Asker: 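Dropping the structure in here first, questions after.
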Amino acid sequence: MTQLSISTKNLSVVLFFLMVSVSWAQQNATSYKRRVLEASEVDLLFSYYSQDGQNAAVTGGEGTEELTDATSSIVLRMPMNEDDILTVDVGLSAYTSASSSNVNPLDGGLNVSPFDASSGESRKDVLAYINPSYQHSSDDRNSIWSANAYFSSEYDYFSIGFGGSYTKLFNEKNTEITLSGNVFLDKWNAIYPIELREGFFDDRITGNGTYSPIFSEFDSENRNSYSLSLSFSQILSQKLQGALFMDVVSQNGLLSTPFQRVYFSDFEDFYIDDFQLADNVEQLPDSRFKIPVGGRLNYYLNDLVVLRSYYRFYWDDWGISSHTASLEAPVKLTNKFTLYPTYRYYTQTAADYFYPKEQALSTYDFYTSDYDLSNYDAHQYGIGVQYKDIFTSARVLNFGLKTINLRFSQYDRSDGLNAFIVTLGTTFIGN
């Protein structure tokens with residue numbers, strides 16, 4: 001009797017644990033979630049930018065704008081679990097600028113001219129940045145929140161930023177709304193034109209009278225930016241998808257660039273060789289409010305062609321309004337190769353404070369000769385090619401090659417600025 005009782009108890013315990021095991025297994029089977037990101041991905045990005053023009057802001061709106069910039073970055077996306085992704089974007093940008101070299105045109109060369117680059121150290125610099133972000137998706141994948149940070153540093157500028165976003169999907173994921181915000185707290189290490197620095201003297205100065213600029217250093221070197229963005233995306237049909245967006249941006253602090261010269265119409269001109277000495281540096285308001293609004297419309301034409309259109313209107317309280325329109329028409333050549341012809345048009349009005357060289361008066365409160373704030377039109381033409389291998393058959397170490405993107409763009413501005421851009425991007429997927 002005792003043995004039977006013990007055996008019955010043992011059997012009951014075994015059955016209990018079997019039932020628990022089966023129940024646990026069923027629960028896990030029914031609650032299985034597909035990962036937001038199945039495996040780690042690595043993007044290797046490189047771009048080369050070259051420009052030239054004759055309206056350098058460093059030399060008061062007249063002078064060489066020659067500049068080259070090479071940027072490389074690595075973007076690593078790692079799944080932390082089924083719901084979370086950690087992304088780390090790290091990059092370096094090295095540039096050589098003829099215009100910025102003329103912050104101090106006297107540190108190299110025999111004859112000084114705004115149309116020639118100085119050979120001094122100010123002609124080059126390196127920007128380094130890191131941008132980590134964390135993203136979490138809800139169990140039903142209808143809610144996504146993210147947080148991000150940003151740090152960058154170069155010789156005369158340091159920036160720290162942070163922000164976040166929240167995305168909600170409705171209507172069987174056919175409708176998407178995203179609200180995001182970002183804050184950037186920046187600090188200048190102000191570098192002024194050489195002739196405006198304390199103790200400057202050069203016996204080669206020519207002109208009528210005595211060189212006496214009205215310059216004084218800026219009291220504060222901080223610049224803060226705050227932005228709030230709202231976007232709405234909707235699948236309109238099997239072939240049509242649209243999106244609307246709006247940003248509100250507020251900036252305050254030192255919004256002038258400390259080394260950009262200004263020449264007044266009511267001041268005498270003074271030179272060293274062919275280089276005109278500054279009357280002051282640009283003076284801009286310590287606040288700026290911006291509102292861009294726009295939209296995208298993508299249309300699936302057929303299995304070979306997709307049309308992607310974009311439009312944006314921009315307004316700010318400095319007097320600038322602009323329109324941007326672009327069209328991209330990816331053409332699928334094969335299962336692995338796609339061609340991307342693109343065109344972009346841009347036009348803007350001038351800021352209230354923009355004056356070409358020697359057209360501002362010294363009595364004005366605000367003035368700049370930076371042609372980025374002038375009235376101009378711009379055209380950008382581009383072509384790109386993408387290689388995509390969904391099976392990642394090509395491998396490097398433990399990573400499979402997913403895509404290669406190569407793009408070329410030509411940028412032409414109505415004020416004479418021209419630029420050429422090459423970008424190369426690759427994406428690798430881990431095991």
Side-chain angles (χ1 to χ4, degrees), residues 55-65 67 95-109 112-127 153-159 186-207 210-224 251-264 267-286 353-355 357-358 360-373:
N55 299 115
V58 174
T59 45
E62 182 181 73
T64 178
E65 293 179 89
L67 179 147
Y95 67 84
T96 301
S97 171
S99 61
S100 66
S101 75
N102 283 326
V103 173
N104 182 6
L106 310 177
D107 58 359
V112 185
S113 168
F115 295 97
D116 296 325
S118 167
S119 60
E121 285 301 310
S122 58
R123 74 186 187 280
K124 58 186 179 181
D125 198 2
V126 175
L127 166 69
S153 178
E154 53 188 316
Y155 181 71
D156 62 344
Y157 203 81
F158 177 78
S159 177
D186 304 340
K187 178 73 165 59
W188 284 95
N189 176 23
I191 307 296
Y192 298 103
I194 183 63
E195 67 270 30
L196 301 180
R197 300 176 195 174
E198 185 177 355
F200 171 78
F201 173 78
D202 195 301
D203 58 8
R204 295 173 293 173
I205 296 177
T206 59
T210 302
Y211 175 57
S212 180
I214 62 172
F215 167 77
S216 61
E217 294 186 0
F218 293 105
D219 295 330
S220 173
E221 296 184 348
N222 295 319
R223 172 187 291 181
N224 300 329
Q251 293 181 293
N252 60 65
L254 180 52
L255 304 185
S256 306
T257 302
F259 51 74
Q260 294 189 168
R261 294 175 175 86
V262 170
Y263 303 106
F264 298 129
F267 268 42
E268 291 287 342
D269 298 340
F270 291 88
Y271 294 86
I272 294 178
D273 296 332
D274 297 326
F275 194 93
Q276 186 172 349
L277 304 184
D279 297 329
N280 200 356
V281 296
E282 71 174 12
Q283 303 288 322
L284 293 170
D286 59 5
Y353 320 113
F354 172 77
Y355 301 93
K357 182 182 179 182
E358 295 187 331
L361 294 174
S362 61
T363 55
Y364 293 166
D365 292 328
F366 304 113
Y367 37 77
T368 179
S369 294
D370 183 351
Y371 273 73
D372 287 345
L373 300 178

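Remember, predicted model here, so these are calculated numbers, not experimental data.
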Asker: Looking at side-chain heavy atoms only, is the closest gap between R197 and I191 below 4.5 Å?
Answerer: yes
Asker: For N280, is there any backbone N or O sitting under 3.5 Å from a side-chain donor or acceptor partner on Y367?
Answerer: no
Asker: To the nearest 0.5 Å, what is the distance between CG on D116 and CG on D274?
Answerer: 8.5 Å
Asker: Would you say F158 has more than 12 foreign heavy atoms packed within less than 6.0 Å of its CZ?
Answerer: yes
Asker: From F354 CZ over to D370 CG, what is the distance, rounded to the nearest 0.5 angstrom?
Answerer: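 F354 CZ to D370 CG: 8.0 Å, rounded to 0.5 Å.
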Asker: Identify the heavy atoms of D107 and N104 that sit nearest to each other, and give their distance.
Answerer: OD1-O, 2.7 Å
Asker: Going by heavy atoms in the side chains, are Q260 and L284 under 4.5 Å from each other?
Answerer: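 Contact flag for Q260/L284 side chains = no.
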Asker: Indicate yes or no for a side-chain donor-acceptor contact from R223 to the backbone of G253 under 3.5 Å, with no hydrogens or angles considered.
Answerer: no
Asker: Check whether any side-chain heavy atom of R261 lies under 4.5 Å from a side-chain heavy atom of E195, and answer yes or no.
Answerer: yes
Asker: Per the side-chain contact (heavy atoms from CB on, under 4.5 Å) rule, which among F267, F270, Y271 passes with Y211?
Answerer: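 That would be F270.
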Asker: Using a 4.5 Å cut-off on heavy atoms from C-beta on, say whether the side chain of F275 contacts that of T59.
Answerer: yes
Asker: Drop me the distance from K357's NZ to S369's OG, to the nearest 0.5 angstrom.
Answerer: 9.5 Å
Asker: Under 4.5 Å between any side-chain heavy atoms of Y95 and D125, yes or no?
Answerer: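 Side chain of Y95 against side chain of D125, heavy atoms only: contact under 4.5 Å found.
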Asker: Going by the side-chain hydrogen bond (donor to acceptor under 3.5 Å, both in side chains) test, name the single residue among D186, N189, T257 that passes it with Y157.
Answerer: D186
Asker: What are the two closest heavy atoms between F218 and P258, and how far apart are they?
Answerer: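 Residues F218 and P258, closest heavy atoms: CE1-CA, 4.0 Å.
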Asker: Can you tell me how far apart OH (Y364) and OH (Y355) are? Round to the nearest 0.5 Å.
Answerer: 5.0 Å
Asker: Are S99 and S97 close enough, and set up right, to give a side chain to side chain donor-acceptor pair (under 3.5 Å), and what steps lead you there?
Answerer: CA-CA 5 Å; S99 61; S97 171; 3.0 Å; yes
Asker: Give the minimum heavy-atom separation between E358 and D269, together with the two atoms involved.
Answerer: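 In this case the closest contact between E358 and D269 is OE2-OD1, 2.7 Å.
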Asker: What's the spacing between F215 CZ and L196 CG if we round to 0.5 Å?
Answerer: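 That separation rounds to 5.5 Å.
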Asker: Please determine whether side-chain contact (heavy atoms from CB on, under 4.5 Å) holds for the pair W188 and D156, giving the CA-CA distance in whole Å, both sets of side-chain angles, and the decisive distance to 0.1 Å.
Answerer: CA-CA 6 Å; W188 284 95; D156 62 344; 3.8 Å; yes
Asker: Is the side chain of D273 donor-acceptor paired with the backbone N or O of V112 at a distance under 3.5 Å, no angle test?
Answerer: yes
Asker: Starting at CG of N102, measure out to CD1 of I194 and round the result to the nearest 0.5 Å.
Answerer: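 Going from CG on N102 over to CD1 on I194, the span is 12.0 Å.
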Asker: Quick check: do S362 and D279 have side-chain heavy atoms less than 4.5 Å from each other?
Answerer: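 No, their side chains stay 4.5 Å or more apart.
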Asker: Strictly distance-based, threshold 3.5 Å: is any side-chain N or O of E282 a donor or acceptor partner for the main-chain N or O of S256?
Answerer: no
Asker: Can you list the steps and then say if N55 with E65 is a side-chain contact (heavy atoms from CB on, under 4.5 Å)?
Answerer: CA-CA 6 Å; N55 299 115; E65 293 179 89; 3.7 Å; yes
Asker: Identify which one of I214, L361, T363 satisfies the side-chain contact (heavy atoms from CB on, under 4.5 Å) criterion when paired with F264.
Answerer: I214
